[in-house]
Amino acid sequence: MIWIEEIAKYEGKEVEIHGWLYNRRSSGKIHFLTIRDGTGIIQGIVLKDEISPDTFELVDRISQESSIIARGKVKKDDRAPGGYELEIKGILLVHSAEPYPISKKSHGTDFLLSNRHLWIRSRRQYAILRIRGEVTFAIQEFFNSKGFTRLDAPIFTPSACEGTTTLFEVPYFDNKAYLSQSGQLYAEAGCMALGKVYTFGPTFRAEKSKTRRHLTEFWQIEPEIAYANLDDIMKLAENFTTYIIQKVLNKRKEELDILERDTKPLELIKPPFPRITYQEAINLLDKQNKVPKISWGNDFGAPQETYISQQFKLPVFIHRYPAECKAFYMKRDPKDPRLALCVDMIASEEYGEIIGGSRREDELAVLEQRLKEFNIPKESNEWYLDLRRYGSVPHSGFGLGLERLLAWICKSSHIREMIPFPRTIDRISP
RNA sequence: UCCUCGGUAGCUCAAUGGCAGAGCAGGUGGCUGUUAACCACAAGGUUGUGAGUUCGAAUCUCUCCCGAGGAGCCA
C-alpha cells in the first residue's frame, strides 16, 4: 500500500491505492475514476478491453465516496489531474456508499456546515486542513527552536481574564467554572518558572458575534517572556509570522494552488513590519475622508483598521493605545501614563487584527488598583497577584488567533473553514 | 442585542397575485480520453410555521422558527 502523495516515486510500477471514489466519468468503454486517499488525488482509468467484464461492470456502479482499493500501473500523463494516472487492473469495493449528499455543484453555507463531517473530504477543505496541520507544526518548531517551553493552560478556570461578559459558565461539582477565554494569566505564571513559554490550545468566548471573523471556540498561541519589553515582543511577532508563512509557502504549495491563493503578497512578508503609534494611526485617519474619523480614546472599528492596513504592504503594528480602552493587566507607558504599553498587529490584505500583545503590569500595588477599577474580584486572582509578590519582573507577551492567521494565509472569507469542526453562536453540531 | 438579506424537489436556484419549473445528485439507457464530461428518458413538491387579505397566495400583511452577512466586541 502506498500513498498518493508519493506516487511519483512509483512511475511504471504496479501499486495499490487505498482510498475513496471522489468522482467518476464514463464513456462507454472507458471509465475515469478520481480516487482520493487523504494525501492527494489520482485519476484511475479502466479500459473495457483490458479488464474482466465483471470488474468493468462493477466500476460503472461504484457510487461517489465509496471506499475502494485500486491496483494498477502508475503512468505519467499530462491529461490527468495531478500529472499521474493509474491504469487499473483490479478494483476492490470495500464499502458501497449511499447517495452522497455533497455534490459536484455548489452548496450553501448552512448545508455545508451541517455536513461538516463530510465536507472536510472536499478538495478545498482538504487543502485548508493540511495547511492548518503545517501551521500548528511550524508554531511548535518555531518556539522550540527559540528555547521556549510549551505550557498548557487549563480550560476550566475560576474567573475571567478579559471582560466578564463573554464567559461560558459550566457546572463544576458544587461550584461554577468558566471555560478559558485566554491562557495568558497562566502563561505569565509559566514564564516566571520557565523564562520563555507559550500556550497553545482552544479558548472560548460566549460573545454573540455573528461575523465571518468569529468563532466561540478558537485556538490561541500565547507566548510570554520574562524580562521582555514591548519592542521584544514586536520583534518576536514579526519573526514568528514570517516563519509560519515561509513554511507554508515552502511545504504546502500544492494546497495553496488548490485554494487558488495568489502567493505574491505572502512572499513579501519579511521583517521588519512597519510600526506606528495609536496617535500616528489617528493622524493617518485625520488626513482622509473615506472612513469615519475617530476621536482620541476610542478603539478602531473594522473600517478604520482596514484603512490603516491598506496604507502598508506588510502587516502593521499599532502600539501604545489609550489605556482606557485596553485590558486591566497592561502596563502604562512611563513616558505618558494615558497610554498602555500594548500592540496590535493588523494583517495585510484586509484580514484585520490577528495579534494583540502588551507588556504586563508587574507592580503589585498598581495591579491591585487596576482590579478595583475594572471591578474584578481580588480573591480569585490572588494567585495572579502572587506573581508580583515573589520575584516580580518586567514581562511581555502576545496572543495570536490561529484561525484568523489561517484565514489570511488561505485568503478565505470564512473563518469557519479554518477549524475542523467550527463552533459558532448557532451551531454546535456536528 | 440591533440592522440587512434569505427559507420552493436530496442540493443549487427560477417562477413578482392566475397550471410549481430547470440544472446537479439518485434511477434507466447510450457513448474509447474524460477534466464539476456529455446525450436521451423516466422519477422526484404539505413552497419553514401559524394566522390574515383575496374569486385565487410560493408571491401581499402579520406572528413565530431557522439560516446568512454586518454592527457592537474581539483573536
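Every chain is numbered from 1 and lettered A, B, ... according to where its sequence line falls, protein lines coming before strand lines. The analysis underlying the following values was restricted to heavy atoms, covering all of them including side chains, and did not include hydrogens, waters or symmetry mates.
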*asked:* If the threshold is 4.0 Å, N to carboxylate O, is there a salt bridge linking Glu350(A) and Lys411(A)?
replied: no

*asked:* Between G7(B) and A58(B), how far apart are the two C1' atoms, rounded to whole Å?
replied: 11 Å

*Rounded to whole angstrom, note down the C1' distance from U63(B) over to U16(B).*
24 Å

*So what does Arg427(A) touch, heavy atoms closer than 4.0 Å: a base, only the sugar-phosphate, or nothing?*
sugar-phosphate

*Counting side-chain heavy atoms from CB outward, which of U34(B), A71(B), A75(B) is closest to Leu215(A)?*
A75(B)

*How far does the P atom of G50(B) sit from the matching atom of G69(B), given to the nearest Å?*
28 Å

*Rounding to a whole Å, what distance do you find between His31(A):NE2 and C38(B):P?*
17 Å

*Examine the base of C74(B) for any acceptor or donor lying under 3.5 Å from a partner atom in the side chain of Arg404(A), and report the outcome as yes or no.*
yes

*Please tell me which of the listed nucleotides, U12(B), C31(B), A68(B), lies nearest to the side chain of Phe111(A)?*
U12(B)

*If you measure only the distance, is there a donor-acceptor pair under 3.5 Å linking the side chains of Thr39(A) and Arg130(A)?*
no

*Examine G26(B): is either OP1 or OP2 under 4.0 Å from a nitrogen or oxygen in the side chain of Arg61(A)? Give yes or no.*
no

*How far, in whole Å, is U47(B) from G21(B) if one measures between their C1' atoms?*
12 Å

_Pair Gln184(A), Glu224(A): side-chain N/O donor-acceptor within cut-off below 3.5 Å_ = no

*Euclidean distance, atom CD1 of residue Ile425(A) to atom C1' of C66(B) [Å, nearest integer]*: 13 Å

Tabulate below the donor-acceptor pairs under 3.5 Å that side-chain atoms of residues 299-307 of chain A make, not counting sequence neighbours, or state none.
{"from": "Gln304(A)", "atom 1": "OE1", "to": "Gly301(A)", "atom 2": "N", "distance (Å)": "2.8"}
{"from": "Gln304(A)", "atom 1": "NE2", "to": "Pro292(A)", "atom 2": "O", "distance (Å)": "2.9"}
{"from": "Glu305(A)", "atom 1": "OE1", "to": "Glu353(A)", "atom 2": "N", "distance (Å)": "3.2"}
{"from": "Thr306(A)", "atom 1": "OG1", "to": "Ala302(A)", "atom 2": "O", "distance (Å)": "2.8"}

*asked:* Between P on C73(B) and CD on Gln304(A), what's the gap in Å once rounded to a whole number?
replied: 10 Å

_Under 4.0 Å, heavy atoms only, any strand: does Thr34(A) hit a base, just the sugar-phosphate, or nothing?_
nothing

_Euclidean distance, atom CG of residue Asp77(A) to atom C1' of U34(B) [Å, nearest integer]_ = 11 Å

*In terms of side-chain heavy atoms, does Ser358(A) have a donor or acceptor partner in Arg360(A) at a distance below 3.5 Å?*
yes

*Quick one: do the Gln43(A) and Arg79(A) side chains pair a donor with an acceptor below 3.5 Å?*
no

*Would you indicate which nucleotide in G70(B), G67(B), U32(B) comes nearest to any side-chain atom of Asp110(A)?*
G67(B)

_Nearest-Å distance once atom C1' is located in both A14(B) and C31(B)_ = 31 Å

*asked:* Is there, by distance only and without an angle test, a donor paired with an acceptor across the side chain of His214(A) and the base of C74(B) below 3.5 Å?
replied: yes

_Counting the atoms with a prime plus P, OP1 and OP2 as sugar-phosphate, which does Gln43(A) contact under 4.0 Å by heavy atoms, base, sugar-phosphate, or nothing?_
base

*Starting from the 5' end of RNA chain B, give me the residue, Leu47(A) or Ser103(A), whose nearest nucleotide shows up first.*
Ser103(A)

*Which nucleotide in U32(B), A75(B), A68(B) has an atom nearest any side-chain atom of Leu113(A)*: A68(B)

_Dot-bracket notation for RNA chain B, counting Watson-Crick and G-U pairs under 3.5 Å, with | for partners on another strand_ = (((((((..((((....[..))))..((((.......))))......(.(((..]....))).))))))))....

*Which nucleotide in the set A68(B), A71(B), A75(B) lies at the smallest distance from any side-chain heavy atom of His414(A)?*
A68(B)

_Please classify the nucleic acid contact of Gly108(A) as base, sugar-phosphate, or nothing, using heavy-atom distances under 4.0 Å._
sugar-phosphate

*Donor on one side chain, acceptor on other, Glu222(A) and Tyr186(A), under 3.5 Å*: no

*For atom C1', what is the distance between C3(B) and U12(B), given to the nearest Å?*
28 Å

*If only side-chain N and O atoms of Arg123(A) are considered, is one of them under 4.0 Å from the OP1 or OP2 phosphate oxygen of A36(B)?*
no

*asked:* For Arg320(A) and Gln279(A): C-alpha separation, side-chain torsions, deciding distance, then whether side chain to side chain donor-acceptor pair (under 3.5 Å) applies.
replied: CA-CA 8 Å; Arg320(A) 292 178 168 80; Gln279(A) 185 61 57; over 6 Å; no

*asked:* Need to verify one output field. Residue with the more 5' nearest nucleotide on RNA chain B, Gly401(A) or Asp60(A)?
replied: Asp60(A)

*Select base, sugar-phosphate, or nothing to describe what Leu405(A) touches, counting heavy atoms under 4.0 Å on all strands.*
nothing

_Taking 4.0 Å as the cut-off, does a side-chain nitrogen or oxygen of Arg212(A) come that near to OP1 or OP2 on G70(B)?_
yes

*Which nucleotide in A71(B), U12(B), U32(B) has an atom nearest any side-chain atom of Thr211(A)*: A71(B)

_Sugar-phosphate, base or nothing in reach of Ile45(A), heavy atoms under 4.0 Å_ = base

_For Phe143(A) and Phe240(A), I'd like to know if the aromatic rings sit close, meaning centre-to-centre distance below 6.0 Å._
yes

*Answer yes if the side chains of Ser52(A) and Asp54(A) hold a donor-acceptor pair under 3.5 Å, and no otherwise.*
no

*For the pair made of OH in Tyr100(A) and C1' in G27(B), what is the distance, rounded to whole Å?*
21 Å

_Same-atom distance (P) from G17(B) to C13(B), integer angstrom_ = 23 Å

_How many whole angstroms separate atom CZ of Phe218(A) from atom C1' of C73(B)?_
12 Å

*Sticking with atom P, work out how far A68(B) lies from C11(B), rounded to a whole angstrom.*
16 Å

*Could you check how far CD of Gln181(A) sits from P of C74(B), rounded to whole Å?*
11 Å

*G72(B) C1' sits how many Å from Arg213(A) CZ, rounded?*
13 Å

